[in-house]
Amino acid sequence: MSKKIQNQKENNKMDKIVSLCKRRGFIFPGSEIYGGLANSYDYGPLGVELFNNIKKLWWRRFVQIRGDVVGVEGPIIMNPKVWEASGHLSHFTDPLVECKLCHLRLRQDKPDDIAAHERAHQGKKAEWTEAKNFNLLFKTFIGTVEDDKAAAYLRGETAQTMFTDFKLVIEALRKKVPFGIAQIGRNFRNEITTGNFIFRMKEFTIAELEYFVKPGEDDAKFEEWLASQQEFFIKDLEIKPANIKKVELPKDELAHYSKRTVDTYFNFPFGWDEIAGIANRTDYDLKNHLEHSKENLRYRDPETNEEYIPYVVEPTFGLDRIMLAVLADAYEEVEARSGADETKHEQEIVLRLNKKLAPFKIAVLPLSKKEPLTKMGQDIAAALREQWMIDYDETQSIGKRYRRQDEIGTPYCVTVDFDSLEDKAVTVRERDTMEQERIAVDKLQDYFKDKFN
RNA sequence: GCGGGUAUCGUAUAAUGGUUAUUAUAUUACCUUGCCAAGGUAGAGAUACGGGUUCGAUUCCCGUUACCCGCUCCA
């Protein structure tokens, strides 16, 4: 198969996922009634359930079951000095112009450089773009008057809260190094690139944690966290191992603060790309905040009285990208599985989502839209809703309703039939195998508790 | 940000400088059906937005927006 055809095929798959997401309420284009907004998307009713489930699994693995990691949730707007200290501001405060001939960027306030560059093009008149501040941080203003004195920025990363709260967490929670602080939150970057669906957005959610260790113990902890990160993808999200790979960044591509970085890539329909990373940030951030804030951010070991600035191992997860990865990984088209002589529908979509991730856990489907079947179905649905997200559907044929649930990844369907009225039992149908099992209504809660644990 | 392409009901599509814009599917109601996308009847739903040319524009032209492909960017 030629590369071109391969690409077309893969783009088709991406188009189908995008279409499914819109059609069934996972992901909508943002502000659609006004013509949309570039790189902005809404998570619909099913999308937000899926997204929350990913967050829950993440928090469980990296905060709840550990004991050496605590969570925080910081504001999107922080004191602008934070971004001076972190280096986010200082790199990009100068207005730059770009040469249209060679794309070189120069500072507009250096006329000598500009003149020299124009000479370098040997009389060809260089054309310049308008001056721009190439700052990736979104700028806003505190107060009702737009005044530069009150300039502030929407955070470009969540990590900084963990550094500014470092001392407070130690004091409030009596934490000892090594320990970690985790946060899930929105980040904003004014990037110019158009993205693949939700892969690259200007506003996105990152789950990350800063794990503070004694210098010298950072390399070993890095390895531990790398393994833990992979377990999240394979064991919690149940992404197919073949679709995941680690990529060690070569030394010359490391960010200035990083001693070592390993990214995790997912095999998207549009190619392998990054969904998570882990960096050894050394003492770069705490040291900078110590210098800028004059706060003593050194850590004193209570046993040895030794004082040092901890090193930081930072696992980061792009949750929106991970959601897209989960959808792409679960998306499957299968030959019509029904026994009916169906020629129109050759392919059926099954979203083989992990049970823990599925937006709806169970769908309750009365076989017929007649009383008292519907009443019984609604009662069962109401009881199950105490525990799980439940869908209830009584329109169209039972087969069509199974298809609908397959398409959105619902792991179980409960069918109420006419026998149910007599024997007080229902049929439970499993998504992937299509196998059915007769379960007594009063045993249903226990049955599903067992299934979902 | 640069270059190229695309834009018709939710989705996928047809057609056209001129009456009410096609079809499938999905969707809503009713009938029918009684465990894997059956059938019938009825309903609702689209020419992305703004300007221009024209007697008349969904169609031709310009701009904007969004999306796609390739660069660039991602400290």
Side-chain angles (χ1 to χ4, degrees), chain A residues 4 7-8 11-12 14-16 18-25 28-41 44 83 86-93 96-105 127 129-130 132 134-137 156-157 187 189-197 199-202 204 253-258 270 273-274 277 318 336-350 365-370 373 395-407 413-420 426-431 433-436 438:
Chain A
K4 193 178 173 187
N7 277 343
Q8 276 174 0
N11 289 338
N12 270 343
M14 201 55 211
D15 289 345
K16 284 175 182 173
V18 172
S19 170
L20 175 72
C21 283
K22 185 176 182 188
R23 196 156 44 81
R24 301 308 308 271
F28 304 128
S31 318
E32 203 198 19
I33 63 170
Y34 290 108
L37 178 68
N39 297 327
S40 114
Y41 293 90
W83 306 110
S86 71
H88 284 75
L89 274 179
S90 58
H91 286 80
F92 288 103
T93 46
L96 301 178
V97 292
E98 183 176 318
C99 171
K100 285 181 178 175
L101 293 174
C102 63
H103 296 297
L104 184 75
R105 281 176 189 159
E127 279 189 67
T129 59
E130 282 181 36
K132 290 191 181 66
F134 280 84
N135 195 332
L136 289 175
L137 292 179
E157 63 173 23
N187 295 271
R189 287 188 201 176
N190 231 336
E191 303 201 57
I192 55 177
T193 311
T194 55
N196 280 300
F197 197 34
F199 183 81
R200 181 168 276 125
M201 298 191 286
K202 293 191 171 180
F204 52 97
E253 286 181 26
L254 292 178
H256 59 287
Y257 54 74
S258 180
F270 49 81
D273 219 327
E274 183 186 348
R337 303 193 291 175
S338 57
D341 59 328
E342 191 49 64
T343 49
K344 282 184 286 187
H345 305 285
E346 291 168 0
Q347 302 230 293
E348 302 167 354
I349 296 171
V350 184
L365 315 170
L367 193 58
S368 166
K369 193 167 47 170
K370 280 180 186 155
L373 276 195
T395 63
Q396 307 275 7
S397 74
I398 187 69
K400 183 172 278 190
R401 283 178 274 161
Y402 285 148
R403 294 288 87 70
R404 287 177 187 152
Q405 296 302 328
D406 287 347
E407 212 175 39
C413 292
V414 167
T415 306
V416 182
D417 60 25
F418 291 90
D419 292 340
S420 302
V426 291
T427 305
V428 176
R429 179 255 195 192
E430 205 270 334
R431 177 193 68 205
T433 61
M434 300 198 300
E435 277 170 11
Q436 305 193 341
R438 196 75 179 169

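Naming: A, B, ... by sequence-line order, numbering from 1 per chain.
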Asker: In whole angstrom, what separates A:Lys370's NZ from B:rC35's P?
Answerer: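 Taking atom P of B:rC35 as the reference, NZ of A:Lys370 is at 13 Å.
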Asker: Within the structure shown, what part of the strands sits under 4.0 Å from A:Glu32 by heavy-atom distance: base, sugar-phosphate, or nothing?
Answerer: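 The residue A:Glu32 makes no contact with any strand.
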Asker: When you check the phosphate oxygens OP1 and OP2 of B:rC69, does a side-chain N or O of A:Asn196 lie under 4.0 Å from one of them?
Answerer: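 True: A:Asn196 side-chain N/O within range (under 4.0 Å) of B:rC69 OP1/OP2.
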Asker: Write down the distance separating the C1' atoms in B:rU54 and B:rG18, rounded off to the nearest Å.
Answerer: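 That atom pair is separated by 12 Å.
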Asker: P atom, B:rA21 versus B:rA37: distance in rounded Å?
Answerer: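 Result for the P pair: 36 Å, nearest Å.
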Asker: When the aromatic ring centroids of A:Phe270 and A:Phe199 are compared, is their separation below 6.0 Å?
Answerer: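 That pair passes the under 6.0 Å test.
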Asker: For B:rG34, is there a stacking contact with A:Phe418, counting only centres under 5.5 Å and planes under 30°?
Answerer: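 Stacking is present between B:rG34 and A:Phe418, given that their ring centres fall under 5.5 Å apart and the planes under 30°.
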Asker: Give a yes/no answer on whether the side chain of A:Arg404 brings an N or O atom under 4.0 Å of OP1 or OP2 in B:rU27.
Answerer: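 Answer yes for this pair, as a side-chain N or O of A:Arg404 is under 4.0 Å from OP1 or OP2.
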Asker: Need one value for A:Leu367: base, sugar-phosphate or nothing, where a base atom within 4.0 Å counts as base even if backbone is also close, heavy atoms only.
Answerer: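 Base contact - A:Leu367 has a heavy atom under 4.0 Å of at least one base atom.
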Asker: Whether the side chain of A:Arg189 and the base of B:rC74 hold a donor-acceptor pair under 3.5 Å is what I'd like checked.
Answerer: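 In this structure, the two groups form no donor-acceptor pair.
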Asker: Between A:Arg401, A:Arg429, A:Arg404, which is the residue that forms a side-chain contact (heavy atoms from CB on, under 4.5 Å) with A:Leu365?
Answerer: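 It is A:Arg401; the other options fail the test.
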Asker: Categorize A:Thr415 for me: base, sugar-phosphate, or nothing, with a 4.0 angstrom heavy-atom threshold over every strand shown.
Answerer: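 It contacts base atoms.
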Asker: Are OP1 or OP2 of B:rU11 and a side-chain N or O of A:Lys22 less than 4.0 angstrom apart?
Answerer: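 For A:Lys22, the contact criterion (side-chain N or O under 4.0 Å from OP1 or OP2 of B:rU11) is met.
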